[in-house]
Amino acid sequence: MRVYEIGDYTKGLSLHAVERPEPVPGHGEAVMRVRATGINARDLSIMEGALGKNVMPYTRVPLSDNAGDIIAVGPGVENVKVGDRVTMTHYWEWLDGDWHADMAKKDYASTIDGFLAEQVVVPAAALIKLPDSISYEDASTIQSPGLTAWNAVVEAGAAKASDTVLTLGTGGVSVFGMQWAKMLGARVIITSSSDEKLARMRELGADMTINYRTNPDWPSEVLNLTGGEGADIILNNVGLGELENCLLSAASNGRIMHIGANPVVHNQGPQAPLAMTKIPNIIIKNLTIRGIIVGSRRMFVDCLTAMEVNNIKPIIDRVFDWDDIYECIEYMQSGEKLGKIVIRVQ
Ligand SMILES: NC(=O)c1ccc[n+]([C@@H]2O[C@H](COP(=O)([O-])OP(=O)(O)OC[C@H]3O[C@@H](n4cnc5c(N)ncnc54)[C@H](OP(=O)(O)O)[C@@H]3O)[C@@H](O)[C@H]2O)c1
């Protein structure tokens, strides 16, 4: 069976396909035939070497988003059978309850080989059966961006219809964030560098839009659009460089979801340090700044159920085939996409 390995990322993009033996499931394990996988900002940073040297072996198989079917099960597996359509989270040990940082040690596409592969051996307990109405391609967009946005808006954010949700950019997390907020009846403000993308977001349900490139003082525009109140829930999908603007955009008692993690914002250079003068906003507005780390298996099940019941479809920009992986990465690097990119594996 074929996999892609990341290669020597210290020399730039070095992804290449290799043959490996078909995996054999051990006790409690199953083998997933991967049908589709998705590429995320983190994957790009790893493959480009932006996270630095010695972060992982050159043989690492990238991409954490996944959907496929079961082709073999090991001894002791009873929750799935051959032929089941399945998916799973990438921090697979977080099944339910509270997160613990030790769970980050088992992370597909980071500490364990990921899903840009024809077959992957997986722990059966982590698997989730896909509803019939959710295709492999749709399912392969959810694990990282969809579930992270679900956690930020539905779980940690506890959004309600009277809330205004502000979500930064038109990437995978942000677009899902808008979808979950609209599902709950909240008003949504979304930002982008592109007027064309903002027009598309209005078609998809955004109530208000702001171009952060032509309007660098966009927090003032958030206040204008909300009668001076600000946003109740903010998805900071960029990171530290936009925290200051999030503090300025927040309503009293606002919740800022700290999601964006890249050391470099693509096409924009290193992130700016936080201005100490803006920190008093945290106290005077009684803000909560909350770190979000994807979500648990239980949250993923809830998220899939909500998609099925409410007929919510992921916004997929383009689907690439296995052999077109370099074209796929170039498109991701271009920053042109809105929502998600999918790779059809087989
Ligand atoms: N904490 C977690 O568990 C978790 C999970 C998933 C992802 N993440 C992180 O969250 C971030 C977003 O992930 P993603 O998958 O949505 O990325 P993505 O699909 O690559 O989207 C990135 C988007 O960010 C927008 N952007 C860039 N600079 C911006 C700025 N200054 N203000 C507003 N928007 C800006 C751009 O939107 P426009 O093109 O519209 O300008 C771009 O499309 C990444 O850093 C990723 O590593 C964290």
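Residues take their numbers from the sequence shown, with the count starting at 1. In each ligand, atom 1 is the first atom listed, and ligand 1 is the first ligand listed.
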*Per-atom contacts, ligand 1 versus E242 - under 4.0 Å to a heavy atom*: 30 (C), 31 (N), 32 (N)
*Enumerate the atoms of ligand 1 whose separation from the nearest heavy atom of I293 is less than 4.0 angstrom.*
3 (O)
*Contacting atoms of ligand 1, where contact means under 4.0 angstrom from a heavy atom of I292*: 1 (N), 2 (C), 3 (O)
*Does the distance from a Lys or Arg side-chain N to an Asp or Glu carboxylate O, for R60 and D113, drop under 4.0 Å?*
yes
*Decide whether an N or O pair under 3.5 Å exists between L168 and ligand 1.*
no
*Of all heavy-atom pairs between A306 and I312, which one has the smallest distance, and what is that distance?*
O-CD1, 4.4 Å
*Could you tell me which atoms of ligand 1, counted from 1 in the order shown, lie closer than 4.0 angstrom to a heavy atom of N237?*
10 (O), 11 (C), 12 (C)
*Contacts of type side-chain contact (heavy atoms from CB on, under 4.5 Å), residue L223, not counting sequence neighbours*: none
*Please state whether the rings of Y4 and W322 are parallel, tilted or perpendicular, taking 30° and 60° as the class boundaries.*
tilted
*Short N-O contact, E137 and K340, less than 4.0 angstrom*: no
*Should P145 be listed as contacting ligand 1, given a heavy-atom distance under 4.0 Å as the test?*
no
*asked:* Taking distance alone, with N or O pairs closer than 3.5 Å, would you say T170 contacts ligand 1?
replied: yes
*Of the non-hydrogen atoms in R255 and G157, which two are nearest, and what is the gap between them?*
NH2-O, 2.7 Å
*Within a distance under 4.0 Å of any heavy atom of V294, pick out the atoms of ligand 1 and give their elements.*
2 (C), 3 (O)
*Does any N or O atom in V173 lie less than 3.5 angstrom from one in ligand 1, N or O only?*
yes
*According to the interplanar angle, ranging from 0 to 90°, do the rings of W99 and Y91 count as parallel (below 30°), tilted (30 to 60°) or perpendicular (above 60°)?*
perpendicular
*Which pair of non-hydrogen atoms, one from A67 and one from S140, has the smallest distance, and what is that distance?*
CB-N, 4.1 Å
*Please indicate whether any nitrogen or oxygen in T191 is less than 3.5 Å from any nitrogen or oxygen in ligand 1.*
no
*Answer with yes or no whether A261 contacts ligand 1, where contact means a heavy atom under 4.0 Å from a ligand atom.*
yes
*Atoms of ligand 1 less than 4.0 Å from V238 heavy atoms?*
29 (C), 30 (C), 32 (N), 33 (C), 34 (N), 35 (C)
_Proximal ligand 1 atoms for S193, defined as those under 4.0 Å from one of its heavy atoms_ = 38 (P), 39 (O), 40 (O), 41 (O)
*asked:* Nearest non-hydrogen contact with atom 6 (C) of ligand 1 belongs to which option: G172, S144, S174?
replied: S144
*asked:* Does either side chain, that of T87 or that of Q143, offer a donor lying less than 3.5 Å from an acceptor on the other one?
replied: yes
*Side-chain donor-acceptor pair present, Y212, N245, cut-off under 3.5 Å*: no
*Given D65, L338, L147, N40, which one has a non-hydrogen atom that is nearest to atom 15 (O) of ligand 1?*
N40
*Nearest to atom 33 (C) of ligand 1 by heavy atom, Y212, F176, W218: which?*
Y212
*Considering only heavy atoms of S192, which atoms of ligand 1 have at least one such atom less than 4.0 Å away?*
38 (P), 40 (O), 41 (O)
*Would you call K337 a ligand 1 contact, heavy-atom distance under 4.0 Å?*
yes
*So, T141 and D65: side-chain donor and acceptor under 3.5 Å apart, yes or no?*
no
